[in-house]
Each structure stands twice: as C-alpha cells, then as structure tokens.
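Worksheet: one structure, shown below.
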Protein chains: 2
Amino acid sequence: METDLHQAITASGLRMTRQRQVILDVLRQSHGHLDAEALHDRVRQQDPRISLATVYRTLALLKEFGLVQEHRLGEEHGHFEAAPQAPHYHFTCLKCRKVIEFQASSVQRVVREVAAKESVQITDVHLLLSGYCADCSREGVEGNHET
Amino acid sequence: METDLHQAITASGLRMTRQRQVILDVLRQSHGHLDAEALHDRVRQQDPRISLATVYRTLALLKEFGLVQEHRLGEEHGHFEAAPQAPHYHFTCLKCRKVIEFQASSVQRVVREVAAKESVQITDVHLLLSGYCADCSREGVEGNHET
DNA sequence: ATTGAGATTGAAAATAATTCTCAATATCAA
DNA sequence: TTGATATTGAGAATTATTTTCAATCTCAAT
Ligand SMILES: [Mn+2]
Ligand SMILES: [Mn+2]
Ligand SMILES: [Zn+2]
Ligand SMILES: [Zn+2]
C-alpha cells in the first residue's frame with residue numbers, strides 16, 4: 001500500500017527519489033481529479049523545489065506502473081488520479097465542470113465482447129459522459145436563443 | 001443530408017461560407033478520424049486558401065451543431081469525424097495507433113442508469129478502449145526487457 | 001563510510017496544439 | 001447595389017507538455 005512504488009521502481013532498475021514519493025502521496029491523499037498545475041501546487045507545499053517538469057515526468061512513470069490514471073474530461077489538459085481499487089467512470093458537467101464518478105459492471109461486459117470479437121487485448125477503459133448536472137440542467141448544449 | 005449545415009447556420013443568424021461547406025464535406029467524405037492538420041491538408045486540396053485557424057473555428061461550430069464529433073484517442077491532439085447516424089465507440093492500439101470502431105447497445109443502458117441515478121442530463125458519450133490490436137498483441141504496455 | 005557510474009532533477013528553452021487579434025474581405029437582408 | 005457585420009487569413013499569443021543539459025542525487029560495489 002505504500003511500498004508498491006519502491007517495488008515497481010527497483011524492479012525496473014530505476015531509482016527511488018523523494019520527488020516520486022511525494023507526488024504519488026499527494027495524489028493519493030487528494031480526492032478529485034487534479035491537473036498537472038494543481039498537483040504541482042500541492043506538491044510544492046511538501047517540497048517547494050519540485051519542478052513542474054518533474055511532475056509531468058513522474059506522472060508518466062506512475063502511469064506506466066499503473067499507479068496513476070490520466071483522464072481527459074473535455075478540457076485541453078489532462079486530469080490525474082491515483083489508480084482506484086475498483087474501476088470507475090466519469091460524468092462531467094459542461095457548465096460547472098463538476099465531475100461525478102460512477103461504476104457500471106456492464107462496461108466490463110462490453111470490454112470482453114470487443115476483446116473477443118476484434119481479437120484485441122484491452123488494457124485501458126475510459127468512459128466519459130458529459131452534459132449538465134442537476135444544478136446546471138436548464139439550457140442545452142447549443143444555442144439558447146431566448147432572452 | 002447536405003442542407004442541414006445551411007439550416008443550422010441560418011437558424012443561428014450566422015453566414016454560410018465556402019470554407020464551412022468544404023470543411024464539412026471533406027470530413028464527411030473522409031473515412032477515419034482526422035486531426036486538424038490532416039483535415040487542413042485535405043481541405044486545402046479543394047481550396048488552397050483556407051487557413052488552419054478557420055479549420056479549428058469551423059470544427060468548433062460544427063461540434064456545436066452536432067454535425068461533427070471530436071475524440072481523444074490517447075494522443076495530445078483531437079481527432080474529428082462527421083457525426084454518424086448510429087452512435088459508436090472506439091478502440092485504439094497503443095502500438096500502431098490503429099482505430100477500431102464498435103457498437104454496444106448496453107452503453108446506452110448505462111447512460112440511462114446514470115442519468116436517472118444522478119439526475120443529470122447526458123448529451124455526449126465517449127467510450128475509449130485501448131490496448132493492443134491483433135497484429136501488435138505481443139509485448140505488454142511497459143518495458144519489454146528482452147533483446 | 002566512500003566512490004563512481006549513471007539515473008534524476010530544476011530551469012529554461014523548445015515543441016505541439018489551439019486560440020486570439022485585427023485588418024481585409026465576404027455574406028446577405030434591405 | 002449597398003451597408004452592417006460576420007468571417008477569414010496570417011501571424012502572434014496562449015496553453016500544455018516535452019526536451020535539453022549541467023548539477024545533483026541514488027545505490028551498488030567497494
Ligand atoms: Mn475518478
Ligand atoms: Mn469513429
Ligand atoms: Zn453543473
Ligand atoms: Zn496495433
């Protein structure tokens with residue numbers, strides 16, 4: 001639960017650094033889906049010297065290890081979260097940008113079907129729903145031409 | 001089938017231009033999922049003066065009209081396709097970048113469930129599977145440490 | 001504990017993707 | 001035909017991410 005980073009790192013012949021540990025720790029403690037800058041800000045509170053480049057580098061590494069997931073939530077930048085125990089998916093509000101997580105076992109069924117039918121090996125599943133949350137449900141996606 | 005752009009445009013008090021028509025036409029004729037530069041290249045063959053900025057501007061407009069969809073296929077840039085009659089989803093190979101489209105009616109079931117349970121209004125659904133296609137299935141995601 | 005090969009980092013530059021600015025041009029209702 | 005104004009092209013600007021490289025760590029072998 002905390003040594004899996006050490007494990008992955010050394011198994012790969014890489015080196016354990018304070019930066020890598022801090023970045024993973026911060027991501028694990030943070031609920032929600034942080035972008036690189038937001039993560040950098042929080043990481044700096046633990047160690048003000050860590051650079052944004054190292055945040056990006058470490059995120060790429062943690063993704064390879066399967067310890068971190070990146071999501072595209074409809075914006076021009078990525079959002080990151082520590083890999084959860086059970087897979088989950090996302091809804092994001094086009095107006096207020098709120099993110100709601102949900103589970104749906106039937107998605108795994110679809111994944112198995114596609115894997116079989118297309119003879120592919122599936123390693124990642126991203127389901128993103130977007131629209132308007134309960135608070136924002138009013139106007140639609142396109143043109144509200146009323147006053 | 002060809003006048004729906006005129007319709008959407010004029011209904012919005014906008015203006016019909018050669019550029020907008022060409023960009024939509026090219027996208028409709030192109031099978032596959034083009035990024036902005038690739039689309040620009042093809043559009044230029046019809047009209048060499050059209051700028052990349054206009055391609056981006058028009059894609060944004062066509063998305064608002066629901067005539068075009070943008071997908072994030074695991075790369076740092078978007079890919080675009082003309083809105084299909086029936087919804088479909090995507091698998092992309094992490095090695096060769098090939099894209100396979102598939103349908104899965106159970107996804108719509110999940111969408112309805114989430115909409116009901118979370119009281120949200122869902123306007124877009126993106127399901128992206130990634131992994132290795134039949135040709136590329138061999139090494140895993142990370143490190144192949146063999147020769 | 002010391003050493004050294006080489007992995008990692010910070011800072012800044014570079015690259016990539018997309019958006020914005022603005023003067024020139026095109027559209028379309030009158 | 002005209003005029004108000006929407007749109008465009010070109011390039012600058014912005015945003016997100018990656019790369020470069022010299023300085024600094026890490027860790028296995030002394
Ligand atoms: Mn999540
Ligand atoms: Mn498609
Ligand atoms: Zn909302
Ligand atoms: Zn492949």
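Chain A is the first sequence line, chain B the second, and so forth, proteins listed ahead of strands; every chain is numbered from 1. Note that the structure is a prediction, hence the values are computed from the model and not measured. All values below were derived from every heavy atom in this structure, side-chain atoms included, with hydrogens, water molecules and symmetry-related copies excluded.
- Note on residues 40-59 of chain A: no pairs pass ring-ring contact (aromatic ring centres under 6.0 Å, His included), not counting sequence neighbours.
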Requested in this report: Given salt bridge (charged side-chain N to carboxylate O under 4.0 Å, His left out), test Asp4(A) with Arg28(A) step by step and report yes or no.
Outcome: CA-CA 13 Å; Asp4(A) 46 1; Arg28(A) 282 181 169 166; 3.0 Å; yes

Report summary line: Expected string for nucleotides 21-30 of chain C under the B/S/- scheme (protein heavy atoms, under 4.0 Å, primed atoms plus P, OP1, OP2 as sugar-phosphate) is B----BBS--

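- For the side-chain hydrogen bond (donor to acceptor under 3.5 Å, both in side chains) test, no residue two or more places apart in sequence or in another chain qualifies with Ser106(B).
- Nucleotide dA16(D) holds its P atom 15 Å from the CG atom of Leu59(A), rounded to whole Å.
- Both Ala36(B) and Thr58(A) lie close to DNA chain C; mapped to their nearest nucleotides by heavy-atom distance, the more 5′-ward contact belongs to Thr58(A).
- Distances shorter than 4.0 Å separate none of the side-chain N or O atoms of Arg49(B) from OP1 or OP2 on dT8(D).
- Annotation: side-chain hydrogen bond (donor to acceptor under 3.5 Å, both in side chains) contacts of Glu118(B) (sequence neighbours excluded): none.
- Note: CG (Leu61(A)) to C1' (dT26(D)) measures 15 Å, nearest angstrom.
- The cluster map of Ile, Leu, Val, Met, Phe, Trp and Tyr, joined by side-chain heavy atoms under 4.5 Å apart, puts Val111(A) and Val107(B) in the same cluster.
- Looking at residues 73-83 of chain B, you'll see Glu76(B), His77(B), Gly78(B) sit with a heavy atom under 4.0 Å from some atom of DNA chain C.
- Note: CG (Leu52(A)) to P (dT8(C)) measures 19 Å, nearest angstrom.
- Residue Arg72(A) is in sugar-phosphate contact alone, with no base atom involved, counting any heavy-atom pair closer than 4.0 Å across all strands shown.
- Look at CD1 on Ile23(A): it is 8 Å from P on dG10(C), rounded to the nearest Å.
- For residues 98-110 of chain A, every residue pair satisfying the salt bridge (Lys or Arg N to Asp or Glu O under 4.0 Å) rule, not counting sequence neighbours, is listed here: Lys98(A)-Asp135(A).
- The side-chain hydrogen bond (donor to acceptor under 3.5 Å, both in side chains) test applied to Thr54(B) returns Ser51(B), Arg57(B), not counting sequence neighbours.
- The overall bend of the helix from dA1(C)-dT30(D) to dA30(C)-dT1(D), read as the angle between its terminal helix axes built from five base pairs each, is 40° when rounded to 10 degrees.
- What separates NE2 of His40(B) from P of dG9(D) is a distance of 8 Å, to the nearest Å.
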Report all side-chain donor-acceptor pairs from residues 73-87 of chain B shorter than 3.5 Å, counting only partners two or more places apart or in another chain.
from: Glu76(B); atom 1: OE1; to: Arg72(A); atom 2: NH2; distance (Å): 3.0
from: Glu76(B); atom 1: OE2; to: Arg72(A); atom 2: NH2; distance (Å): 3.0
from: Glu81(B); atom 1: OE1; to: His33(B); atom 2: NE2; distance (Å): 3.2
from: Glu81(B); atom 1: OE2; to: His71(B); atom 2: NE2; distance (Å): 2.8
from: Glu81(B); atom 1: OE2; to: His88(B); atom 2: NE2; distance (Å): 3.0
from: Glu81(B); atom 1: OE2; to: His90(B); atom 2: NE2; distance (Å): 3.4

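- Taking atom CG of Leu62(A) as the reference point, atom P of dT8(C) lies 12 Å away to the nearest angstrom.
- Listed by chain and number, the residues in a salt bridge (Lys or Arg N to Asp or Glu O under 4.0 Å) with Asp41(A) amount to none (sequence neighbours excluded).
- Qualifying side-chain contact (heavy atoms from CB on, under 4.5 Å) partners for Ser130(A), counting only residues two or more places apart in sequence or in other chains: Thr92(A), Leu94(A), Asp124(B).
- Look at CZ on Arg44(A): it is 12 Å from C1' on dA11(C), rounded to the nearest Å.
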Report task. Determine, stepwise, if the pair Val22(B) / Val26(B) fulfils side chain to side chain contact (heavy atoms under 4.5 Å, CB included). Result -> CA-CA 6 Å; Val22(B) 169; Val26(B) 167; 4.1 Å; yes

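- Glu37(A) has its CD atom 12 Å from the C1' atom of dT14(D), to the nearest Å.
- Using a 4.0 Å cut-off, some side-chain N or O of Tyr56(B) falls inside it from OP1 or OP2 of dT18(C).
- Considering only residues two or more places apart in sequence or on other chains, Arg42(B) meets the side-chain hydrogen bond (donor to acceptor under 3.5 Å, both in side chains) condition with Ser30(B).
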